[in-house]
Amino acid sequence: MSISIDPATGAEAYDLDRAHVFHSWSAQAALTPFVIAGGLASTVWDFDGKSYLDFSSQLVNMNIGHQHPKVVAAIRAQAQTITMVAPPHANLARGHAAERILGKAGPTFSKVFFTNGGADANENAIRLARLVTGRDKILSTYRSYHGNTGAAVVATGDWRRIPNEFSRGHVHFFGPFAYRSEFWSTSQEEESERALHHLERVIQAEGADSIAAILLETVPGTAGVIVPPEGYLPGVRALCDRYGIKLILDEVMSGFGRTGEWFAFQGFDVVPDLITFAKGVNSGYVPVGGVVISDEIAHEFDTRVFPGGLTYSGHPLAAASIVASIDAMESEGIIENARMIGTDHLGPGLAALAARHPMIGEVRGTGVFWALDLVEDRGSRTPVAPAVIGALKAELMARGLLPFVADNRVHVVPPCVVTPGEVEAALAIYDEAFTAVAAFAS
């Protein structure tokens, strides 16, 4: 790999950032951003030449890894052909991208509406559901994140929606989460059953005829990699069918290999009406997202105007990167690798890590999508203090691992191309960091 080593360039990048860049979700004065010089596959490096295992996948989107040569080449070739085609026109790369996505989604889907990212994918899925049902309300869970645009951020359940609640018609409910159950459950089966009862009572109390859609992350990601218990998603599908409600599954984070499936819902015996995607579809090499639309909903707009659009919808550079990414994932067995890594390496390795470190209250996940729920003690399940998370992040970085942390959790989310050797090295780093932080916490 080619590593750029130039501390002066790193210092310049840092100084320019602090002088001119306004960062998301942050108080600006306290920031000390990490400067990345380059990356390849599961590794990034800084301008001092130090390498880091990227077990954050940046924002859990680098599914195909950094600088995959086939994706880079496809973007370059498309740029040499034509760089921009407006949405009203047809473009070969755009058509192939939609075809590839639909081929992985399944036979009940027939169209793709392209967006610029995941947030506006959810915006447009919500719009589609409201238009075809003639209803207004959108139900979503408290433990969720759907994006930072008008309706998407209000559909979001975590604290970020509260300063931004300007969109109408949103109702929240509690989804299943057995480790921190809202339903006093003692098993996954009870958690699923009681969560479904709770959801049906919310539907009835809100008035089923007022509800356009239920919007769920198939596997809630930023909220904690909360894998739904068996029967829950089919149960939600049944409630939607019973009450005439559309089911939107947000696969922005969980799609395209993250869970070891092309789409996460394919592991849960459920088919939604609309799928939203972004992130892993091309690993963010060019900004893109979209809505996969069922045949039934798509036909609603055969003679009816869809009142929505985006200047960069189906941008040719993004479309070319999608085609190359999906083709590479297929030909190189990248989805299968993610599944194998989860089953054979990350799952057992993280369980063994938890056995050595009482701070790890629960390990949960699938594929290359895992979270460690950190607690003061396992009996009370009290989350560790923010200072502990800060110290753990520093220890991991010092040892050459770029982590993803959220609240009291460490999310273990490497690229889908990660190797068993890289997982072994990462597990050793986690082990050392937890040992160091246990001394700090005590």
Verdict with supporting geometry, Y145 and D250, side chain to side chain donor-acceptor pair (under 3.5 Å): CA-CA 9 Å; Y145 180 71; D250 178 343; over 6 Å; no
What orientation do F306 and F113 show, parallel under 30°, tilted 30 to 60°, or perpendicular over 60°? perpendicular
Classify the ring geometry of F173 against H198: parallel below 30°, tilted from 30° to 60°, perpendicular beyond 60°. tilted
Just do the side chain to side chain contact (heavy atoms under 4.5 Å, CB included) check on L31 and R18 with the steps written out, would you? CA-CA 8 Å; L31 293 175; R18 299 313 304 122; 3.7 Å; yes
Any side-chain heavy atom of [X] sitting closer than 4.5 Å to one from [Y]?
X: K137; Y: H170; value: no
X: V412; Y: Y430; value: yes
X: H66; Y: D54; value: yes
X: I82; Y: N91; value: yes
X: W262; Y: F256; value: yes
X: R143; Y: P220; value: no
X: L374; Y: L392; value: yes
X: P403; Y: M397; value: yes

Hey, does the side chain of [X] reach the backbone of [Y] with a donor-acceptor pair shorter than 3.5 angstrom?
X: E99; Y: G103; result: no
X: T343; Y: R339; result: yes
X: N124; Y: R127; result: no
X: R94; Y: G314; result: yes
X: E432; Y: R399; result: no
X: S140; Y: A155; result: yes
X: R381; Y: E376; result: no
X: R100; Y: G95; result: no
X: E230; Y: Q188; result: no
X: R161; Y: V154; result: no

Hey, could you give me the [atom1]/[atom2] distance between [X] and [Y], rounded to the nearest 0.5 Å?
X: I297; Y: K246; atom1: CD1; atom2: NZ; answer: 5.0 Å
X: T43; Y: F55; atom1: OG1; atom2: CZ; answer: 9.0 Å
X: L216; Y: L233; atom1: CG; atom2: CG; answer: 6.5 Å
X: I335; Y: E330; atom1: CD1; atom2: CD; answer: 9.0 Å
X: L350; Y: H345; atom1: CG; atom2: NE2; answer: 12.5 Å
X: F265; Y: I275; atom1: CZ; atom2: CD1; answer: 4.0 Å

Between [X] and [Y], is the ring centroid distance below 6.0 Å?
X: Y312; Y: F114; result: no
X: F268; Y: Y232; result: no
X: F174; Y: F183; result: no

Tell me, with the steps shown, if E332 and K70 meet side chain to side chain contact (heavy atoms under 4.5 Å, CB included). CA-CA 11 Å; E332 296 173 19; K70 293 177 183 176; 3.0 Å; yes
[X] side chain to [Y] side chain, donor-acceptor N/O pair below 3.5 angstrom:
X: R160; Y: N148; value: no
X: S57; Y: R258; value: yes
X: S185; Y: E191; value: yes
X: E251; Y: T218; value: yes
X: D158; Y: T156; value: no
X: D431; Y: H357; value: yes
X: Q78; Y: H315; value: no

D407/R409 salt bridge by N-O under 4.0 Å criterion: yes
Minimum heavy-atom distance [X]-[Y], with the two atoms named:
X: H411; Y: A406; result: NE2-CB, 4.2 Å
X: R378; Y: A355; result: NH2-N, 4.5 Å
X: C240; Y: I214; result: SG-CD1, 3.7 Å
X: C416; Y: N337; result: O-ND2, 2.7 Å
X: P176; Y: I226; result: O-CG2, 3.4 Å
X: I64; Y: A328; result: CD1-CB, 3.9 Å

After noting the C-alpha distance and the side-chain angles of T276 and N122, does the key distance pass the side chain to side chain donor-acceptor pair (under 3.5 Å) rule? CA-CA 6 Å; T276 59; N122 284 319; 2.9 Å; yes
Excluding sequence neighbours, so at least two apart, what forms side-chain hydrogen bond (donor to acceptor under 3.5 Å, both in side chains) with E123? T149
Near E336 CD, under 6.0 Å, is it more than 12 heavy atoms from other residues, nucleotides or ligands? yes
Would you say CG of D269 has more than 12 non-hydrogen atoms from neighbouring residues, nucleotides or ligands within 6.0 angstrom? no
For side chain to side chain contact (heavy atoms under 4.5 Å, CB included), just list the numbers for I101 and I322, CA-CA rounded to whole Å, side-chain angles, deciding distance to a tenth of an Å, and then say yes or no. CA-CA 9 Å; I101 293 164; I322 289 171; 4.1 Å; yes
Where at least one partner belongs to residues 278-288, residue pairs that pass side-chain hydrogen bond (donor to acceptor under 3.5 Å, both in side chains), sequence neighbours excluded: N282-S321
Are Q58 and F404 close enough, and set up right, to give a side chain to side chain contact (heavy atoms under 4.5 Å, CB included), and what steps lead you there? CA-CA 8 Å; Q58 296 302 292; F404 187 106; over 6 Å; no
